[in-house]
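Values below: all heavy atoms of this structure, side chains included; hydrogens, waters and symmetry mates excluded.
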Amino acid sequence: MLIVLALGGNALLKKGEPLEADIQKDNIVRAARSIAEIAGDHTLVITHGNGPQVGLLALQGESYKSVRPYPLDILDAESAGMLGYQLAQQLLNAMPEREVVALLTQVLVDGNDRAFKQPTKPIGPVYKKSDKQRLADQAGWTMVEVEGGLRRVVPSPEPQRILELPSIKLLTEHGVMVVCAGGGGIPVLMDHQGKLQGVAAVVDKDLTSAVLATELRADRLLLLTDVDAVYADWGADTARPMNRATIGELAQQHFEAGTMGPKIAAACRFVAAGAARGGGVSAHIGNLDNIADIVAGRGGTVIIAG
């Protein structure tokens with residue numbers, strides 16, 4: 001079975017933990033050991049987040065005043081390379097018999113996407129309110145007020161196409177475990193001559209994972225996070241885990257845009273695309289520590305077309 005496995009940020013850095021390299025490594029070691037529990041029976045393609053790591057790189061760049069901070073697409077590539085290296089290394093340590101490759105991934109976005117007119121995705125450190133005009137003038141950043149100061153916001157356009165998809169397909173067909181689409185991939189634009197260029201944006205990692213799973217014709221999409229399942233009536237006294245849900249049932253629930261919402265959207269897109277081809281696919285949301293039960297359908301939330 002071909003599975004696209006999307007690691008949430010909690011697999012790399014748990015909430016409240018400092019951005020220390022050794023802590024990040026310990027978390028990745030644990031993630032690799034969990035993945036090894038199911039790897040023997042399945043072909044895996046692994047994606048991952050990079051939010052805290054991009055934020056740290058941005059903060060480090062801002063502290064060195066002799067050069068202008070590197071563009072966001074470069075920071076995306078740096079963080080994807082760093083985390084891809086660590087994930088591939090620890091997967092090899094956990095499964096020395098397997099071939100593992102980390103692949104930098106460019107994701108094509110549409111320059112006319114409405115997200116470019118209304119940036120909403122916060123990234124990087126919190127700045128002083130007195131820095132607002134300087135950052136707008138010198139860097140051209142859009143800033144919004146948050147608790148404690150200001151944060152930069154960037155567009156989060158829809159992923160259109162994964163440029164390295166043929167290479168990912170070739171590798172998986174030869175039994176290679178691929179780590180790719182770090183942080184949703186590096187967003188790029190294509191001009192009328194077919195030339196590519198990076199863009200200051202962030203693509204949602206779960207939506208990119210859904211595109212990847214759909215194009216690979218994966219059997220399952222696993223969205224692994226720090227909760228055990230999707231909850232109906234989240235935040236209310238009536239909250240309850242949804243062990244199995246259809247696209248229609250999920251449409252009747254409200255999910256936070258910055259947390260569970262993108263995962264639900266990604267899961268439903270993948271399942272709907274699979275149903276249009278004849279069905280037989282499912283998406284799963286749950287905790288990485290329960291990965292074996294999730295794959296077996298005994299844990300997390302199973303999402304089907306209906």
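Taking CG from L212 and CZ from R161, the interatomic distance works out to 14.0 Å, rounded to the nearest 0.5 Å. Rounding to the nearest 0.5 Å gives a distance of 9.5 Å between CD1 of I28 and CD of Q89. Residue D228 holds its CG atom at 10.5 Å from OG1 of T225, rounded to the nearest 0.5 Å. Atom CG of D26 and atom CD of E20 lie 11.5 Å apart (nearest 0.5 Å). Taking CD1 from I285 and CE from M242, the interatomic distance works out to 10.0 Å, rounded to the nearest 0.5 Å. Within the model, atoms CG of L7 and CG of L87 stand 6.5 Å from one another, a figure rounded to the nearest 0.5 Å.
Other residues, nucleotides and ligands contribute more than 12 heavy atoms inside 6.0 Å of the CZ atom of R277. Heavy atoms of other residues, nucleotides or ligands lying less than 6.0 angstrom from CD of E97 number more than 12. Heavy-atom neighbours of E256 CD from other residues, nucleotides or ligands within 6.0 Å: at or below the threshold of 12. The environment of CD in E99 is sparse: at most 12 heavy-atom neighbours from other residues, nucleotides or ligands sit within 6.0 Å.
If you chain together hydrophobic residues whose side chains sit under 4.5 Å apart, V203 and L104 never meet in one group. Under a hydrophobic-cluster definition in which Ile, Leu, Val, Met, Phe, Trp and Tyr are linked whenever side-chain heavy atoms come within less than 4.5 Å, directly or via other members, V153 and V146 are assigned to the same cluster. Using a 4.5 Å cut-off between side-chain heavy atoms of Ile, Leu, Val, Met, Phe, Trp and Tyr, with links allowed through other members, V199 and L207 fall into different hydrophobic clusters. Under the 4.5 Å side-chain contact rule for hydrophobic residues, V302 and V4 do not share a cluster. Hydrophobic clustering (side-chain heavy atoms under 4.5 Å, transitive across Ile, Leu, Val, Met, Phe, Trp, Tyr) keeps V101 apart from L170.
At a threshold of 4.5 Å between non-hydrogen side-chain atoms, the residues E215 and I162 do not count as touching. When side chains are defined from C-beta on, L196 counts as touching Q106, because their heavy atoms get closer than 4.5 Å. Looking only at side-chain heavy atoms (C-beta outward), L250 and I303 come within less than 4.5 Å of each other. Residues V45 and L171 fail the side-chain proximity criterion, which asks for heavy atoms closer than 4.5 Å. Counting only heavy atoms from C-beta outward, the side chains of Q90 and N93 approach each other to under 4.5 Å. Within the 4.5 Å cutoff, no side-chain heavy atoms of P187 are placed close to those of V107. M143 has its side chain out of reach of R151: every pair of non-hydrogen atoms, C-beta onward, lies at least 4.5 Å apart. Two residues are said to be in side-chain contact when any heavy atoms from C-beta on lie closer than 4.5 Å; L108 and L163 meet this criterion.
Across all non-hydrogen atoms, the minimal contact from S209 to T47 is OG-OG1, 2.8 Å. Heavy-atom minimum distance, A218 versus F270: O-CZ, 3.4 Å. Across all non-hydrogen atoms, the minimal contact from F116 to V109 is CZ-CG2, 4.1 Å. The minimum heavy-atom distance between H48 and G84, with the atom names listed, is NE2-N, 4.1 Å. For the pair A296 and R220, the tightest heavy-atom approach, listed with the atom from each and the gap, is N-NH1, 4.4 Å. Minimum heavy-atom separation, A94 to A36: CB-CB, 4.2 Å.
In this structure a side-chain-to-backbone donor-acceptor pair under 3.5 Å is present from T105 to A181. Side-chain atoms of S79 come within 3.5 Å of backbone atoms of D76 as a donor-acceptor pair (strictly under, hydrogens ignored). Using a distance-only test at 3.5 Å, with no hydrogens or angles considered, a donor-acceptor pair links the side chain of R98 to the main chain of A39. Between the D191 side chain and the G194 main chain, a donor and an acceptor come within less than 3.5 Å of each other.
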Steps toward side-chain contact (heavy atoms from CB on, under 4.5 Å) verdict (V154, T142):
CA-CA 7 Å; V154 299; T142 300; over 6 Å; no
* To do: In sequence, state the C-alpha distance, the side-chain angles, and the governing distance for M260 and V227, and then conclude on side-chain contact (heavy atoms from CB on, under 4.5 Å).
  => CA-CA 10 Å; M260 188 58 73; V227 297; 3.7 Å; yes
Task: Worked verdict on D219 versus I3 for side-chain contact (heavy atoms from CB on, under 4.5 Å) - done: CA-CA 6 Å; D219 300 290; I3 298 174; 5.7 Å; no
side-chain contact (heavy atoms from CB on, under 4.5 Å) assessment of D41 paired with M1: CA-CA 8 Å; D41 300 321; M1 185 160 56; over 6 Å; no
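Using a cutoff of 4.0 Å between basic side-chain nitrogens and carboxylate oxygens, E158 and R269 are scored as salt-bridged.
A side-chain contact (heavy atoms from CB on, under 4.5 Å) with I46 is found for exactly one of L91, V178, L224, namely L91. The one candidate from I294, V179, L221, I38 that meets the side-chain contact (heavy atoms from CB on, under 4.5 Å) condition with L5 is I38.
Checked by atom type, the side-chain pair H284/S282 shows a donor-acceptor distance below 3.5 Å. Side-chain atoms of E17 and N27 form a donor-acceptor pair, as typed in the model, at a separation below 3.5 Å. Between the side chains of Q53 and E78, no donor-acceptor pair of N or O atoms lies under 3.5 Å.
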